[in-house]
Amino acid sequence: MALEDEAQVSEAQIAVHWREEEYYQPPTKFIGQANASDPEILERFGEDRFPECFKDYADLLTWDHYWHTTLDTSNPPFWKWFVGGRLNASYNCVDRHLKRDPNKAALVWVPEPEEELTQAITYRELYQRVNEFAALLQGFCGTETGDRVTFHLPMVPELPVAMLACARLGVVHSQVFGGFSGAACGGRIADSQSRILVTMDGYYRNGELVDHKVKADEAVERAREEGVEVEKVLVWRRHPGQYASKSPMVPGRDFFVDEVMPDYRGKLVDPVSMPAEAPLFIMYSSGTTGRPKGCQHSTGGYLAYVAGTSKYYQDIHPEDTYWCAADIGWITGHSYIVYGPLALGTTSVMYEGVPTYPDAGRPWRIAERLGVNIFHTAPTTIRMLRKLGPDEPAKYDYHFKHMTTVGEPIEPEVWRWYYDVVGKGEAAIVDTWWQTENGGFLGSTLPALQPMKPGSCGPGVLGIYPVIYDEEGNEVEAGSGKAGNICIRNPWPGIFQTIWGDPDRFVSTYYEKYCRDRDSKDWHDWPYFANDGAMQAADGYFRILGRVDDVINVAGHRLGTKELESAAVMVEEIAEAAAVPVVDEMRGRAVEMYVALKPGVAPSKEVEDKVARMIETEIGKIARPKNVWIVPDMPKTRSGKIMRRVIAGISNFTDVGDTSTLANPEVVEDIREHVQGEKTARGEVPKELSAKDQEEIRQFGQAE
Ligand code: WT7
């Protein structure tokens, strides 16, 4: 095809060149014990049963007052679920389990230092701690129902305690990921107008006791600049009585929780009966542009949705030991470490530190010691463990019945390692696709009923009816081999209620694009635009290509970063890969690949060529990278997402932007020297980029 012809192909209609993968059947033993093992469940959640099908989820909860209307669509797209219902999330996650099993572990907390003892917190003990902290918030801080409280906490049990204490009072919590900077935290305090900040002096990460309190000072300062005054900073101490931070306590503002707590010891606070529609929490999502979006989640709809999906998709039974290795600072942790598992009364494991500390065997030692049988993590962690300890899992005697991958597309090669080596071929895997905005899973296989397919999340989950539209809103058919924008046609209970303080942005970002009639009160006219590219195979399974702005448009070909990266990791020497665009006079954009090698492999021209050839074979000549750069490590956020915009900036000789939220900022200079040095020597230094190109590179694959 000539380049001109290629350039005329419509963006969303471009064929995606991706090989179909084989199915894996769920293990028989898993099917025998699964919560959803009768295919009849698929009918119960059929579109003809919508929205009443979600009564199944709501009935997993204890309601103070039953609802009268399942779904109220009178003010689209601000859907209301379980209207008229009242409940308390803290009661549902804690109190109601006390009767049956007060001494069962609710949380098992594993500190990062391996010599420090693991703590099991029973439901009874959790009840006490939640009540005491709620009493402190009420008595010492004067918080009232509807107030917002910001947390900037690491992975310690105090975090779920604080969340559930707020939930008990009907106070809206907003946890900011502990790895974020003080400034980022301050911006979110200001946006949510919190008067109280809850933090900790320090925590362990990679063997070091990190000073965390210092960020609270920056956060308060930033919030003040943005017009919000923080009245009290509550500081938990990682080791009560010992202060791990260099930052001085500000008299009258900063208080050690362990010093204030004695006044509230043993106090009980009645759970406040909240309307189903009351906000439970705010979770900020890193948008591609502009201010972070405070996703506001409801109490009844959200809790019902995470309880239901935890039951059927995580296959959680009360007697399981479930470990989701995400951080509670992300929605995954809110939904699938705290609210979902605890609503079901199971044991949820929390780990403080880095999965590869002190070595890549750590997760498997934790699993063996605690008898973890359900394991939940992200592709980035899987890739890291595969790179650093490919043979480690076999050395430990643990057995998973079920495993999850979440957060980004997983390369089929990596999926197979997860299945064969981590899962020892015994576990059902779910690849769950969803977003901060969604509360819970949107796409996944039902683990006992639908076979797995590496690299595909599967069909829409129960009660979720996805569709792929092209730019004009025409449906892209399953099996057409074409990609487009994935949307959800219907509302569901876990969907966020609005962007905190910015309802217009809520409508414009997620609903405007495909709304058929702005005056319509029929939900059918209001598809939810996920801002993700995807394609649907003939069997109905979706393959998510990533956020729509994560594509590289080479001469009109829309190449998903993930398909390029999947091809690169098929080369056996490659551990990890990242694809970025470089501005190219001929083709608009060309692809550049950054790859990290497996341990023991030496960098060579030969490996670079292998990567280029593999991409050419797997995807096509058009995708052949202009350069393949072998790097020691990718710049990554603390949540493990590769910051493509940083390497895109290096490839294009433009500003790499803020690198303060990187887990490994030191690699940036190394990569820059290597890549720009080579490019200069090869005469590949680009002319000054247009403002539009600069902006695109600056925002490429933007993750915070
Ligand atoms: C974006 C959402 C899901 C909660 C944690 C991340 C990508 C998420 C998958 C998956 C392919 C996935 C999407 C989505 N994503 N899960 N299983 N397969 N892509 O939440 O930070 O809001 O990110 O992550 O692009 O839009 P988030």
Side-chain angles (χ1 to χ4, degrees), residues 57-58 61 63-65 67 69 71-72 74-75 77-93 130 134 137-138 141 143-151 159-160 162-176 188-198 228 271-285 291-307 328-331 333-335 338-340 343 435-440 491-507 509-510:
Y57 285 6
L61 305 180
W63 295 80
D64 306 329
H65 193 275
W67 69 90
T69 306
L71 172 63
D72 171 352
S74 60
N75 183 24
F78 301 90
W79 317 120
K80 293 194 179 69
W81 283 89
F82 310 127
V83 184
R86 300 186 81 96
L87 77 169
N88 182 279
S90 169
Y91 177 88
N92 271 278
C93 292
V130 167
L137 283 174
Q138 215 173 31
C141 304
T143 54
E144 287 173 12
T145 299
D147 285 354
R148 278 79 57 207
V149 169
T150 297
F151 311 152
L159 173 49
M163 290 163 69
L164 293 164
C166 283
R168 199 164 190 86
L169 302 171
V171 166
V172 180
H173 59 75
S174 168
Q175 154 71 2
V176 177
R188 288 157 173 79
I189 290 174
D191 189 77
S192 61
Q193 294 170 302
S194 303
R195 294 180 299 111
I196 310 291
L197 170 64
V198 184
V228 171
V272 179
S273 189
M274 299 298 291
E277 277 303 297
L280 178 62
F281 66 87
I282 301 170
M283 165 65 61
Y284 284 87
S285 139
R291 285 190 306 127
K293 298 174 282 216
C295 299
Q296 176 188 316
H297 285 280
S298 73
T299 306
Y302 170 81
L303 199 62
Y305 197 69
V306 297
I328 297 176
W330 308 117
I331 189 78
H334 275 49
S335 301
V338 181
Y339 286 115
Q435 312 169 303
T436 305
E437 293 86 337
N438 309 148
W492 66 97
I495 181 69
F496 68 141
Q497 299 176 293
T498 186
I499 295 176
W500 181 264
D502 202 348
D504 292 345
R505 190 171 175 206
F506 171 74
V507 178
T509 309
Y510 303 98

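One is the number of the first residue; the rest follow in order along the sequence. Atoms considered below: every heavy atom in the structure, side chains included; atoms not considered: hydrogens, waters and symmetry mates.
- Contact between Ala278 and Thr299 at its shortest, heavy atoms only, is O-OG1, 2.7 Å.
- Side-chain atoms of Arg195 never come within 3.5 Å of backbone atoms of Gln193 as a donor-acceptor pair (strictly under, hydrogens ignored).
- Listed by chain and residue number, Glu277, Pro279, Gln296, Ser298 satisfy the side chain to side chain contact (heavy atoms under 4.5 Å, CB included) test with Gln497 (two or more places apart in sequence, or in another chain).
- Side chains of Ser335 and Tyr302: a donor-acceptor N/O pair is present below 3.5 angstrom, by distance only.
- Take Tyr305 and apply the side chain to side chain donor-acceptor pair (under 3.5 Å) test, not counting sequence neighbours, and it matches no residue.
- For Tyr91, the ring pair (Phe, Tyr, Trp, His ring centres under 6.0 Å) test picks out no residue, with sequence neighbours left out.
- Rounded to the nearest 0.5 angstrom, Asp191 CG and Ile189 CD1 are separated by 11.0 Å.
- The side chain to side chain contact (heavy atoms under 4.5 Å, CB included) check on Glu144 picks up Asp147, with sequence neighbours excluded.
- Within the model, atoms CD1 of Ile282 and CD1 of Ile499 stand 12.0 Å from one another, a figure rounded to the nearest 0.5 Å.
- Residue pairs meeting the side chain to side chain donor-acceptor pair (under 3.5 Å) criterion with at least one member in residues 165-174, sequence neighbours excluded, are Ser90-Arg168, Asp95-Arg168, Asn131-Arg168, His173-Tyr339.
- Scored by the side chain to side chain donor-acceptor pair (under 3.5 Å) test, Ser192 finds Ser194 as partners (sequence neighbours excluded).
- A distance of 11.0 Å separates CH2 in Trp492 from CH2 in Trp79, rounded to the nearest 0.5 Å.
- Below 30°, between 30° and 60°, or above 60°: for Trp63 and Phe82 the angle between ring planes is above 60°, a perpendicular geometry.
- Remark: the backbone N or O of Val171 is not paired with any side-chain donor or acceptor of Thr145 at under 3.5 angstrom.
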